[in-house]
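Every chain is numbered from 1 and lettered A, B, ... according to where its sequence line falls, protein lines coming before strand lines. Just so it is clear, the model here is predicted, and its values are computed rather than measured.
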Number of protein chains: 2
Amino acid sequence: MSDIAKAAKISRQALYLHFPNRAELLVATTRYLDEIHDIDAKLLKSRSAKNGIERLDAWVGVWGNHIPKIYGVAKALLAMKTSDEEARIAWNERMQAVRFGCAAAVSMLLAEGKLRDGLTELEATDILWTLMSVHNWEQLRYECHWSQSRYIKAMKILTKQALVSR
Amino acid sequence: MSDIAKAAKISRQALYLHFPNRAELLVATTRYLDEIHDIDAKLLKSRSAKNGIERLDAWVGVWGNHIPKIYGVAKALLAMKTSDEEARIAWNERMQAVRFGCAAAVSMLLAEGKLRDGLTELEATDILWTLMSVHNWEQLRYECHWSQSRYIKAMKILTKQALVSR
DNA sequence: AAGTCAACTTGACACGGTGTCAAGTAATGT
DNA sequence: ACATTACTTGACACCGTGTCAAGTTGACTT
């Protein structure tokens, strides 16, 4: 908090006049970042895909390219969520929104009969959601030193292999 | 630290007579757990698989079933690693050992010419390593409420889809 | 010109957790 | 009788979060 205050050139206490605690500051920051990067507009665009596979690709592209923009705050929130209940709830809410995006893509595949055999709609959503997690992005991007474009490319392939019937 | 001391029925200070700090206590605990559960013997067994696909399956089974046993400590170590350099290094070392197991399975697939087209050995290792991360286990097991056996089953399928050529 | 309000300041403090230090004790072996 | 080892109690420093009180500053009324 004092680092942030310093960067904002106000006192640490003034920060508490704007945000009741660290968790809410971080949550407000993610909301601000969503707004700045116009995530809603991008999601809307992905919804206009003309078939399930295209929609899956679009979703992976939109969310996968949004991760680096929120990563800084996401990391802080993730670190907090083990000890701070409010941070845990805030993070879970955001991740449920992501899950919703995953479910929409899966649902379109199912409607076209293109969901891989033996996968229920829920299971497929769970898998897509897990593959597209911030942690996986982090691991491939930083631990494995992948570039962002390589990550996106690999994820498009990986998710199709996992979900789409042949 | 005081909770652990309480559970061990010694004073908090006595804990510091055995372990210099929290990070080393946790690391020592993972080592102890590895020993107790005889991870080495299980890995050795998986190494006797007669082909790449069987080896991949065996590896996913061994590591995937080991995760729940180390999860408690792993979680604590993961939570620490953002702020504690020693914890970060300790965790990375353990994860490099896991990566080594992944690399071995991939290498056998490559030798048999069964590695999926367009995948380098390194890329395939990165993908397998990421799929088999503790975070993915955690998400499927707790966030998605999957059973352990379902997790193992799905991971065996998922990794084969991702890595093995058809 | 006086008064009010909002946004900020400085400075103090409580609390919880980690790690350190000093002094004392109790059981074991020599 | 003595030393050693493994512990104890109790104190303290440091850091980060969050709280509280009192004072300052500038802008906007009336």
Side-chain angles (χ1 to χ4, degrees), chain A residues 1-36 69-97 134-135 138 142-143, chain B residues 1-36 68-96 134-135 138 142-143:
Chain A
M1 294 298 270
S2 54
D3 285 354
I4 292 168
K6 218 172 280 172
K9 284 175 188 163
I10 57 171
S11 67
R12 190 173 69 89
Q13 284 62 22
L15 220 49
Y16 284 100
L17 297 175
H18 295 275
F19 308 95
N21 52 50
R22 209 166 104 86
E24 294 219 3
L25 184 153
L26 291 174
V27 173
T29 309
T30 54
R31 273 197 254 282
Y32 173 72
L33 287 176
D34 286 356
E35 203 180 304
I36 284 223
K69 288 165 188 163
I70 60 158
Y71 177 62
V73 198
K75 196 176 166 183
L77 222 36
L78 274 169
M80 276 189 83
K81 96 179 173 126
T82 33
S83 58
D84 186 304
E85 180 66 6
E86 206 183 339
R88 213 203 85 240
I89 291 167
W91 178 255
N92 282 2
E93 265 171 28
R94 294 208 30 85
M95 285 309 102
Q96 283 306 316
V134 172
H135 280 306
E138 185 182 36
Y142 292 126
E143 238 72 53
Chain B
M1 291 299 271
S2 53
D3 285 353
I4 291 167
K6 217 170 282 172
K9 285 176 185 161
I10 57 171
S11 68
R12 191 174 69 89
Q13 283 63 21
L15 220 49
Y16 284 100
L17 296 175
H18 295 275
F19 308 95
N21 52 51
R22 209 165 104 86
E24 294 219 4
L25 185 154
L26 292 174
V27 173
T29 308
T30 54
R31 273 197 255 284
Y32 173 71
L33 288 176
D34 286 355
E35 203 179 303
I36 283 222
K69 289 166 187 162
I70 59 158
Y71 177 62
V73 197
K75 196 176 167 183
L77 221 38
L78 275 168
M80 276 190 83
K81 94 180 175 126
T82 33
S83 58
D84 186 304
E85 180 65 6
E86 206 183 339
R88 213 202 86 240
I89 290 168
W91 178 257
N92 282 2
E93 265 171 27
R94 294 210 28 86
M95 285 308 103
Q96 283 307 316
V134 172
H135 281 305
E138 185 182 36
Y142 293 126
E143 238 72 52

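Atom CD1 in B:I10 sits about 11 Å away from atom P in D:dT9, given to the nearest Å. Remark: C1' of C:dA7 and NZ of A:K9 are 18 Å apart, rounded to the nearest angstrom. Look at CG on A:L17: it is 8 Å from P on C:dT9, rounded to the nearest Å.
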Base versus backbone protein contacts along nucleotides 14-24 of chain C [heavy-atom cut-off under 4.0 Å; B, S, -]:
----BBBB---
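The minimum heavy-atom distance linking B:L77 with B:A23 is given by the pair CD1-O, 4.3 Å. Of all heavy-atom pairs between B:M1 and B:L15, the closest is O-CD2, 3.3 Å. Here the closest non-hydrogen pair linking B:Y16 and B:N21 is CE2-CA, 4.3 Å.
In this structure, CZ on B:R12 lies 11.0 Å from NZ on B:K6, to the nearest 0.5 angstrom.
For B:R22, the side-chain hydrogen bond (donor to acceptor under 3.5 Å, both in side chains) test picks out no residue, with sequence neighbours left out.
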Please lay out, stage by stage, how B:D34 and B:I70 fare under the test side chain to side chain contact (heavy atoms under 4.5 Å, CB included).
CA-CA 8 Å; B:D34 286 355; B:I70 59 158; 4.0 Å; yes
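Look at B:H18 and you won't find any side-chain N or O under 4.0 angstrom from OP1 or OP2 of D:dA6. Contact annotation: B:S11 side-chain N/O to D:dC7 OP1/OP2 distance is not under 4.0 Å.
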